[in-house]
Amino acid sequence: LLILLTCVSTILIWLLSYYMAGRAMIPIQWSFDKQKKFVSDASHELRTPLSIFYSSLDILELEESHNLSPLGKDLIADLKDEADLMKELMDNLLFLARHDQLQKPMHQEVIPLSIMLKKISIKFQKIMPSEIQFRTQIEDNIELLGDATKIQELLYILLDNAISYTRNGSISLTLSIDHHIVKIVVADSGIGIPENDLSLVFERFYRSDMARQRNGTGLGLAIARAIVEQHGGKICVTSKIGKGSAFTIEFPVHKR
Ligand code: ADP
């Protein structure tokens with residue numbers, strides 16, 4: 001049963017990372033719309049085998065745990081980790097597929113952005129590696145109309161990336177308001193992005209050669225851009241190899 005589950009997991013991972021990347025099986029001449037539809041359909045279809053996979057693992061763990069060797073238990077734990085990764089990947093793909101169809105945030109509320117960013121920076125201060133200096137400059141009383149969970153996800157993506165691509169340096173998070181534009185900047189003094197790649201980093205599944213030895217799916221910035229667009233904003237990046245990168249987000253100001 002374990003061998004079978006391992007095979008199913010490998011096939012699912014293969015399907016997700018290659019078919020959906022549009023690099024292996026999707027004919028090159030397909031239009032972008034056809035590729036998007038394929039990714040959307042495939043991610044919906046893969047939900048059922050993935051939930052069967054989860055339930056089988058649970059049954060195996062509950063009913064067979066006393067018969068399993070330590071190796072069997074380890075393998076189950078590994079399969080669960082892989083299944084969680086697949087679920088995250090599929091959730092991300094479904095979010096992007098929905099974004100292609102619907103341009104507005106799903107949920108709207110007045111977000112106390114200054115307070116939110118201060119809370120996020122306290123969390124990140126705690127997990128920041130000791131060799132990275134984390135600075136914040138957050139203007140008070142700034143609000144935004146939108147989906148608080150998604151805005152939080154957006155900041156997590158940018159700050160996670162800043163940490164992943166910075167060794168011994170600094171990261172800063174700033175929030176300001178100017179001429180009715182709310183501006184968030186996440187900047188780092190990390191490895192930087194090659195000039196030729198700057199226009200590609202927001203594309204789905206894009207990962208620069210320099211990033212390949214690190215974990216990641218190449219979906220983070222595509223999701224970040226989708227979230228920003230759903231809130232009527234824009235995101236851009238400036239970067240220099242070896243000097244660092246700065247991601248700037250601009251949102252229209254929320255007037256009461
Ligand atoms: P992931 O980080 O999972 O690879 P992302 O979509 O978040 O995917 O980022 C896409 C690519 O953009 C990364 O693989 C990396 O090459 C580059 N990148 C993103 N953020 C940074 C950063 N702060 N510094 C350097 N490169 C970055």
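Atoms within a ligand are numbered from 1 in the order they appear, just like the ligands themselves.
For atom 19 (C) of ligand 1, the candidate residues are Leu221, Ile241, Asp197; the nearest heavy-atom contact is made by Leu221. Nearest residue to atom 2 (O) of ligand 1 from Phe205, Tyr165, Tyr206 is Tyr165 (criterion: closest heavy atom). Counting heavy atoms only, Asn161 comes closest to atom 20 (N) of ligand 1 of the residues Asn161, Ile191, Ile163.
In this structure, Lys150 satisfies the cation-pi test against Phe95, with its NZ or CZ atom closer than 6.0 Å to the six-membered ring centre and inside 45 degrees of the ring normal.
Judged by distance alone, the side chains of Gln133 and Arg135 do bring a donor and an acceptor atom under 3.5 Å apart.
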Per-pair distances, 0.1 Å, donor-acceptor, side chain in residues 115-127, under 3.5 Å, sequence neighbours excluded:
{"unit_1": "Lys118", "atom_1": "NZ", "unit_2": "Asp140", "atom_2": "OD1", "d": "2.4"}
{"unit_1": "Ser121", "atom_1": "OG", "unit_2": "Leu117", "atom_2": "O", "d": "3.0"}
{"unit_1": "Ser121", "atom_1": "OG", "unit_2": "Lys118", "atom_2": "O", "d": "2.9"}
{"unit_1": "Lys123", "atom_1": "NZ", "unit_2": "Tyr156", "atom_2": "OH", "d": "3.1"}

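If you number the atoms of ligand 1 from 1 as listed, the ones under 4.0 Å from a heavy atom of Gly218 come out as 1 (P), 3 (O), 4 (O), 6 (O), 8 (O). Those atoms of ligand 1 with a heavy atom of Ser245 less than 4.0 angstrom away are 24 (N), 25 (C). Near Phe247, meaning under 4.0 Å from one of its heavy atoms, ligand 1 places the atoms 20 (N), 23 (N). Taking a cut-off of under 4.0 Å to the non-hydrogen atoms of Gly192, the atoms of ligand 1 that pass are 25 (C).
Of the candidates Leu75, Ile76, Asn67, Ile76 is the only one forming a side chain to side chain contact (heavy atoms under 4.5 Å, CB included) with Leu60.
Side chain of Ser189 to backbone of Lys243: no donor-acceptor contact under 3.5 angstrom is found.
Taking CG from Leu154 and CZ from Phe251, the interatomic distance works out to 5.5 Å, rounded to the nearest 0.5 Å.
When the salt bridge (charged side-chain N to carboxylate O under 4.0 Å, His left out) test is applied to Asp58, the partners found at least two apart in sequence or on another chain are Lys80.
The proximity of Asp188 to ligand 1, defined as any non-hydrogen pair under 4.0 Å, is limited to the side chain. Contact annotation: for Phe202 versus ligand 1, there are no heavy atoms closer than 4.0 Å.
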